[in-house]
4 protein chains.
Amino acid sequence: MAPKKRLAILAALDCFSETGFDGTSTKMIAQRAGIGEATIFRHFPTKRDLLLRLAAPVIRHILTPAAEQQAVALLDQHRDEPRLILREVMLSRLAFMTHYEPLVRILFQEALVNRELRDLIVAEATPLFQQLTEVVGIMGPVTPTDRERFFRTVGSLIAGYFIHRSILQPERDWDDAAEVDGMLAILFDGIGPKG
Amino acid sequence: MAPKKRLAILAALDCFSETGFDGTSTKMIAQRAGIGEATIFRHFPTKRDLLLRLAAPVIRHILTPAAEQQAVALLDQHRDEPRLILREVMLSRLAFMTHYEPLVRILFQEALVNRELRDLIVAEATPLFQQLTEVVGIMGPVTPTDRERFFRTVGSLIAGYFIHRSILQPERDWDDAAEVDGMLAILFDGIGPKG
Amino acid sequence: MAPKKRLAILAALDCFSETGFDGTSTKMIAQRAGIGEATIFRHFPTKRDLLLRLAAPVIRHILTPAAEQQAVALLDQHRDEPRLILREVMLSRLAFMTHYEPLVRILFQEALVNRELRDLIVAEATPLFQQLTEVVGIMGPVTPTDRERFFRTVGSLIAGYFIHRSILQPERDWDDAAEVDGMLAILFDGIGPKG
Amino acid sequence: MAPKKRLAILAALDCFSETGFDGTSTKMIAQRAGIGEATIFRHFPTKRDLLLRLAAPVIRHILTPAAEQQAVALLDQHRDEPRLILREVMLSRLAFMTHYEPLVRILFQEALVNRELRDLIVAEATPLFQQLTEVVGIMGPVTPTDRERFFRTVGSLIAGYFIHRSILQPERDWDDAAEVDGMLAILFDGIGPKG
DNA sequence: GATGAATGAGGTTTCATTCAT
DNA sequence: TATGAATGAAACCTCATTCAT
């Protein structure tokens, strides 16, 4: 890949995650990248394409297979300890989101507004869910409805924690492992005295 | 309140929810409201102020008074059935969000990028949490950490469901009550083979 | 005069002298005056009229007659000491300009661009010059050309000093009497060893 | 320099001098220059910057190098005739101001309101004054105070004449040389019956 | 007399994008 | 490949002024 193209992508990543897609101008990206504004358009026909080009590989090539492979591997090792499996998956997903934090912010943001991006995410998530059916079955949920709720619950918990930790109160000291354990406690045992 | 000011707010609400904040021009708002563009700026110093002015009451109404009053009333009636109380609260919050769905979508989106909006939300949420301490205590969580996790969990579940239902798959038929019961089941009893 | 009209004039005076005529909006004037913007237009058909209304009385009723009367009186007292006469006139003009400093600033500024204002000034200055013919004659210049140069010289010296003192270096401590004496020394005796 | 940038500067010069800074819109400049309005802002971040960019070289050329070099050269040739030296300097300065008359008018006007412009002028004038110390010393003024008064006097006389000639009575026929001689007569010998 | 509301016209500036080099 | 120059379109916002109350 042309070196300036790489610079453009990296700069766009930073800018989009800080100011949002519409709040970022191609001029800002060019300045941040230290390249000419026109160079961006040599590599991406459109600003929108730059965003998709940014998001697609993460969504497609990294998120899905990694999670899948990991889950399968864990499944083999700890078939009788579903809670441990889920713990590892959640922690690794969280680590991944933390590593790509700017991009994840973009996805949260833009997906709410950008249908293309949303479709891309949904399209990539669906097969993952299918492949994780077995793992989930071990944990309890068996009907499709229950499985969907399970996925949504786990996703909501992680996303909610990520937003709280990285966006709402980024200055606090956070202990990811402890928080994930807290989520698991609720998820598996429920809350409260009668939980 | 000046009648055209009202028109401006309503039109802005529609426009923002359809095209997003940055995707909406003040001209569009003025045309939709049937007023002069300058009129908008007589009443709101800035387009951004218009958004905040729009968001503030909804945020306040979503979070604070309704929830508080309702919770207290429910608490008196069903002091021994915390799960019922929470069910009512969640359903009414969900109904409210559904009613203001376009605006809520804007809030989700913009809050990720707009610090002012974020601060406004946090400012409105804080007193609510304090006032709900007692209710939550009945349900189980007593330490501050546990309470925080409880709030985050409930918030994440509702928000996650709202996004799934209203944004990701709005074409599906949803049964809010059933889904809330699903959330409560997990929240109180956890999942798992014996859940 | 209606009290709010007075407030408007005073506020306009301040604003114009600080930011210039074009740089001042009627909104700024209204805010500074603590009155409604529309009130200004009840009293002055136009922003431009407000400026003229501001400038005219000073130019017409104050500058001219005062100088004239004063010169005549001095002439009677010190007929044989023209330098003393001029000293008094210059000092009093300077004091006057200092007293109305904001307005004088406006005149300097706007007269360069505003023909109406310029004409008003020229129209009021002409008779003054004619009436001062005798005084000037005593000092030396007798031909019309010489008189004109004399007036221009004195005017330039005072205006130049005023601008230096009040606009370029307002923070310095200035001794008006000493500076006027310096001007007179040059004006009457010239500079330098051979002067 | 980009050709359209040059066009923009020239058009701005014309427009500003005809309608003043605030009275000129960037659209007018663009039309007069035959370029797109956005082109102006590619080359000058702000309309105000365009003015400063316009003014800086003229101020510099009016004040510093020409005057300095010329004065030094004249000093060598006519060391014993300071009046001749000053005559040449004044005439050449006047010629220069006449050549850039429109811009000079803007400078007079804007400098009264625009601090940046004022600072620019002061910044350019200061070194000139320092370098002219020797020349001035020959003419008489030796103390710093006297020198300052001398500079102010010469400046006031030239500016006053320029304004009279070019703004107040531009329709008259003027003889610059004769008028400068008149100024010099006053400056060196003073007025008065024996002057 | 006083003003809040309202606005058409127009201001400066930004934007994504094209093109010649 | 890379970019400075260029721009039409449109953005947000300001202005002097009118009008109903």
Side-chain angles (χ1 to χ4, degrees), chain A residues 1-5 7-8 21-30 33-50, chain B residues 1-8 22-30 33-50, chain C residues 1-5 7-8 21-30 33-50, chain D residues 1-8 22-30 33-50:
Chain A
M1 169 160 30
K4 305 242 171 172
K5 183 172 181 179
L7 288 173
F21 179 75
D22 284 313
T24 300
S25 69
T26 52
K27 187 183 193 179
M28 287 165 61
I29 298 172
I35 63 176
E37 204 177 346
T39 305
I40 295 173
F41 290 92
R42 272 208 70 71
H43 294 292
F44 309 94
T46 274
K47 187 187 165 196
R48 178 162 291 270
D49 283 300
L50 176 54
Chain B
M1 162 151 42
K4 306 236 173 173
K5 181 174 181 179
R6 190 171 201 80
L7 288 175
D22 286 307
T24 299
S25 71
T26 51
K27 189 183 206 172
M28 287 164 61
I29 298 172
I35 63 177
E37 202 178 347
T39 304
I40 295 173
F41 291 95
R42 250 205 74 73
H43 294 292
F44 309 95
T46 278
K47 187 188 167 194
R48 180 164 290 268
D49 279 299
L50 176 54
Chain C
M1 168 159 29
K4 305 241 171 171
K5 183 173 182 180
L7 288 174
F21 179 75
D22 284 313
T24 300
S25 69
T26 51
K27 187 184 192 181
M28 287 165 62
I29 298 172
I35 62 177
E37 204 177 345
T39 306
I40 294 174
F41 290 92
R42 271 207 72 71
H43 294 291
F44 309 95
T46 273
K47 189 188 167 195
R48 177 163 291 269
D49 283 300
L50 176 53
Chain D
M1 164 153 40
K4 305 237 173 174
K5 181 174 183 180
R6 189 170 199 80
L7 288 175
D22 284 309
T24 300
S25 70
T26 51
K27 190 183 206 172
M28 287 165 60
I29 297 172
I35 63 176
E37 203 177 347
T39 304
I40 295 173
F41 290 93
R42 251 205 73 72
H43 294 291
F44 310 95
T46 278
K47 188 189 166 193
R48 182 164 290 269
D49 280 299
L50 176 53

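Residue numbering restarts at 1 for every chain, and letters A, B, ... go by the order of the sequence lines. Please read all numbers here as calculations on a predicted model, not as lab measurements.
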Rounded distance in Å - CD (C:Glu37) to P (E:dT7): 15 Å
Atom of C:Phe41, atom of C:Lys47 and distance for their closest heavy-atom approach: CE2-N, 4.3 Å
A:Ile29 CD1 to E:dC15 P, straight-line distance once rounded to whole Å: 11 Å
Side-chain donor or acceptor of B:Lys4 paired with backbone N/O of B:Gly36 under 3.5 Å: no
Heavy-atom side-chain proximity of A:Met28 to A:Ser25 below 4.5 angstrom: yes
Considering all heavy atoms, the nearest D:Ile29-D:Ala8 contact: CG2-O, 3.9 Å
Phosphate OP1/OP2 of E:dT3: any C:Thr39 side-chain N/O under 4.0 Å: yes
Exercise: identify the closest heavy-atom pair between C:Lys27 and C:Glu37: N-OE2, 3.5 Å
Phosphate contact (E:dG4 OP1 or OP2) by B:His43 side-chain N/O below 4.0 Å: no
Nearest-angstrom distance from the residue atom CZ of D:Arg42 to P of E:dC15: 13 Å
Sugar-phosphate only, base, or nothing, as touched by C:Thr26 at under 4.0 Å among non-hydrogen atoms: base
Between E:dT7 (P) and B:Phe41 (CZ): distance, integer Å: 14 Å
Contact nearer the 5' end of DNA chain F, comparing B:Ser25 with D:Gly34: D:Gly34
Where chain C begins and ends its contact with DNA chain F, read 5' to 3' at 4.0 Å from heavy atoms: F:dC15 to F:dC19
Sugar-phosphate, base or nothing in reach of A:Ala38, heavy atoms under 4.0 Å: base
For atom CZ of C:Phe44 and atom P of E:dG1, their distance in whole Å: 12 Å
Earlier contact from the 5' end, DNA chain E, for A:Thr24 and C:Pro3: C:Pro3
Identified pairing partner of E:dG8, criterion: Watson-Crick or G-U wobble below 3.5 Å: F:dC15
Partner nucleotide of E:dA20 by Watson-Crick or wobble geometry (both distances under 3.5 Å): F:dT3
Nucleotide E:dA16, atom P - distance to NZ of A:Lys27 in whole Å: 11 Å
D:Ile40 vs B:Thr46, nearer the 5' end of DNA chain F by closest nucleotide: D:Ile40
Side-chain heavy atoms of D:Thr26 within contact of D:Leu50, under 4.5 Å: no
Closest-nucleotide ordering on DNA chain E, the 5'-leading residue of A:Pro45 and B:Ala2: B:Ala2
Sugar-phosphate only, base, or nothing, as touched by C:Lys4 at under 4.0 Å among non-hydrogen atoms: sugar-phosphate
Any side-chain heavy-atom pair of C:Leu7 and C:Thr39 under 4.5 Å: no
